[in-house]
Number of protein chains: 4
Amino acid sequence: MPLRIVVATGSSVPIYRQVVEQVRLAAATGRAKAGDALPSVRTLAEELVVNPNTIAKAYGELVREGIAEAQPGRGVFIAAKRSVYSRAERARRVEGALEEFIHEAVCLGMPEEEIRALFEKRLSRADFKQGEDKP
Amino acid sequence: MPLRIVVATGSSVPIYRQVVEQVRLAAATGRAKAGDALPSVRTLAEELVVNPNTIAKAYGELVREGIAEAQPGRGVFIAAKRSVYSRAERARRVEGALEEFIHEAVCLGMPEEEIRALFEKRLSRADFKQGEDKP
Amino acid sequence: MPLRIVVATGSSVPIYRQVVEQVRLAAATGRAKAGDALPSVRTLAEELVVNPNTIAKAYGELVREGIAEAQPGRGVFIAAKRSVYSRAERARRVEGALEEFIHEAVCLGMPEEEIRALFEKRLSRADFKQGEDKP
Amino acid sequence: MPLRIVVATGSSVPIYRQVVEQVRLAAATGRAKAGDALPSVRTLAEELVVNPNTIAKAYGELVREGIAEAQPGRGVFIAAKRSVYSRAERARRVEGALEEFIHEAVCLGMPEEEIRALFEKRLSRADFKQGEDKP
DNA sequence: GTGGTCTAGACCACG
DNA sequence: GTGGTCTAGACCACC
């Protein structure tokens, strides 16, 4: 089973980003293992009824990030785990989302304990091994 | 004093959103009270050296959110407090941002404790009384 | 002077890569400073007589790498230096080129001392502060 | 024994290039001598489980480089040693790869000593007698 | 005006 | 068949 990818075409988050994040997640949680093949650009494009370029853009990003490797003429594969990201690099990348969350909450007048409670509740639901797909 | 608004043109967050959030925050924290006047679109546009359309768009959003009320020919005013937000209403509104943050972090392979540390660090910097605007 | 970019359309290295590397280099050597504006996508596309998408692709990569920041409606700017890359990340990224060089040299029967001499000669010509453009 | 050739289908370097480089190396190091036969296109293709076109392309390149000679109807053979390469000729051939490596490193902000350390580490792993093929 | 996303379709290298 | 690059042109959000 070559990794199932689904997208919500109605969403405001770009299709190519949805693809990138699903693969990134699958690789991070171990659902996709090093060497696993991704669906071919054209195949996935047909399946999702989007333009092949959109998929190519997503795969290109995964390759540049080192999460996948492209073997021209053969396909795209999950790369050997390369110690993932450094702590600082990870922090930098989620910084924006954290900022947005705290800012929103404070703007709405949410008290500190309520923010923390919400955060802990969600964190406890997070799956660090297998899933994390929004149900 | 008709509510001081500042924007960072260097920031990557859209100017109109900066304006919206500052007013929203001021209303949420009590810095701006019901009935207080917002600066006129043209005045504020000149002061911030931005396009009047940008301010108009921000004010429009505030009106749609029920935070401000436009009184044609007179100006825009902070709306009567809609009983603030209920706990559930607040939770609903920040849910998306929380989701995004946790999702991003997990995708990048960040372990639970690291996510919590980042969150607490940022939370400790938050100002629950007066500011929260990115300096 | 908003950073001069030139490309060799005849080269086998993709145009968008040429653009990425020139900007990356300029940022690394200090020739382009944080906050400096890049030429607009459309402007540069006209100047280089290439499709705007090609430039957009290059800029997008720079943004994802954290070298530049896009401010929709305003333009693309060199980002504040974010501690650049970690040592390990840098090593990972040049690994391929190093491998290629050593492999080529060994294949051609070049003795160790000759490889080292060639390397040191080229390294001594490298400019770590201002230039590095292939003359 | 007609020269053993192995390829790593998992590698990101094209198969035909792996073949070219192995033969080139074998010729450079003396492992393959002038007049030695290369495996036939079809034999090798079957052995490596790759498309015959791929092997034909590799052999074609070797012939163009003067490393091998095709004798129609008989097969492909290692060419008479063209007095190996002169020092200058060797230098010219690896120049591009060296340039690429140094350029990349400098672009990424890698300091001189770090570049040298990386280079020396890799050089110490190089095998100047028999292998150099990526295992 | 700016950048961001997507579609459609082309050509090339690789297998 | 595979992915990689480029062109052309569209629509959107933002200023």
Side-chain angles (χ1 to χ4, degrees), chain A residues 7 9 11-19 37-45 48-60 62-64 68-77, chain B residues 7 9 11-19 45 48-58 61, chain C residues 7 9 11-19 37-45 48-60 62-64 68-77, chain D residues 7 9 11-19 45 48-58 61:
Chain A
V7 297
T9 53
S11 165
S12 78
V13 12
I15 294 172
Y16 85 97
R17 293 236 105 247
Q18 297 185 41
V19 173
L38 267 50
S40 89
V41 169
R42 291 159 170 83
T43 303
L44 185 55
L48 303 182
V49 197
V50 300
N51 189 294
N53 281 341
T54 304
I55 306 300
K57 184 175 183 177
Y59 282 11
L62 288 164
V63 167
R64 278 191 300 274
E69 270 188 38
Q71 297 176 16
R74 301 199 55 239
V76 178
F77 304 83
Chain B
V7 296
T9 52
S11 165
S12 74
V13 1
I15 290 175
Y16 89 99
R17 288 220 64 198
Q18 294 186 44
V19 172
L48 301 181
V49 197
V50 301
N51 192 303
N53 287 338
T54 305
I55 306 300
K57 180 169 186 176
E61 196 152 313
Chain C
V7 296
T9 52
S11 166
S12 78
V13 12
I15 293 172
Y16 86 97
R17 294 235 102 242
Q18 296 185 42
V19 172
L38 267 50
S40 89
V41 169
R42 291 159 170 81
T43 304
L44 185 55
L48 302 182
V49 198
V50 300
N51 189 293
N53 281 342
T54 304
I55 305 300
K57 183 174 185 179
Y59 282 11
L62 288 164
V63 167
R64 278 191 300 274
E69 270 187 40
Q71 297 177 16
R74 300 197 57 240
V76 178
F77 305 83
Chain D
V7 296
T9 54
S11 164
S12 73
V13 1
I15 291 175
Y16 88 99
R17 287 219 66 199
Q18 294 186 43
V19 172
L48 302 182
V49 196
V50 299
N51 192 304
N53 287 338
T54 305
I55 305 301
K57 181 169 186 179
E61 197 153 310

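Keep in mind that what you see is a predicted model, and the values were worked out from it rather than measured. Within every chain, numbering begins at 1; the chains are lettered A, B, ... in the order of the sequence lines, protein sequences first and strands thereafter.
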I need the [atom1]-[atom2] distance between [X] and [N], as an integer number of Å.
X	N	atom1	atom2	value
C/Ile55	E/dG3	CD1	C1'	13 Å
D/Leu48	E/dC14	CG	P	17 Å
C/Glu69	E/dT2	CD	C1'	16 Å
C/Arg64	E/dG3	CZ	C1'	13 Å
B/Arg17	F/dC14	CZ	P	9 Å
C/Asn51	E/dA8	CG	P	17 Å
C/Tyr59	E/dT5	OH	P	16 Å
C/Leu62	E/dG4	CG	C1'	15 Å

Using OP1 and OP2 only, check whether a side-chain N or O of [X] sits under 4.0 Å from [N].
X	N	result
A/Thr54	E/dT7	yes
A/Lys57	E/dC6	no
C/Tyr16	F/dT5	yes
A/Thr43	F/dT2	yes
C/Ser40	E/dT2	yes

Minimum heavy-atom separation for [X] to [Y], with atom names?
X	Y	answer
C/Leu44	C/Pro39	CB-CB, 4.0 Å
A/Val19	A/Tyr59	CG1-CE1, 4.2 Å
C/Ala68	C/Val76	CB-CG1, 3.8 Å
A/Asn51	A/Ala45	C-CB, 4.1 Å

Identified pairing partner of E/dC14, criterion: Watson-Crick or G-U wobble below 3.5 Å: F/dG1

First encountered from the 5' end of DNA chain E, between A/Val13 and C/Pro72: C/Pro72

Walking DNA chain F from its 5' end, the first of A/Arg74 and C/Gln71 to be reached, judged by nearest nucleotide, is A/Arg74

Under-3.5 Å donor-acceptor pair between C/Arg42 side chain and E/dG1 base: no

What does A/Asn53 touch in the nucleic acid at a heavy-atom separation under 4.0 angstrom: a base, only the sugar-phosphate, or nothing? base

For a quick check of understanding: with a heavy-atom distance under 4.0 Å over all strands, which category does D/Val50 fall into, base, sugar-phosphate or nothing? nothing

Taking A/Gln18 for the side chain and A/Val13 for the main chain, is one N or O donor matched with an acceptor at less than 3.5 Å? yes

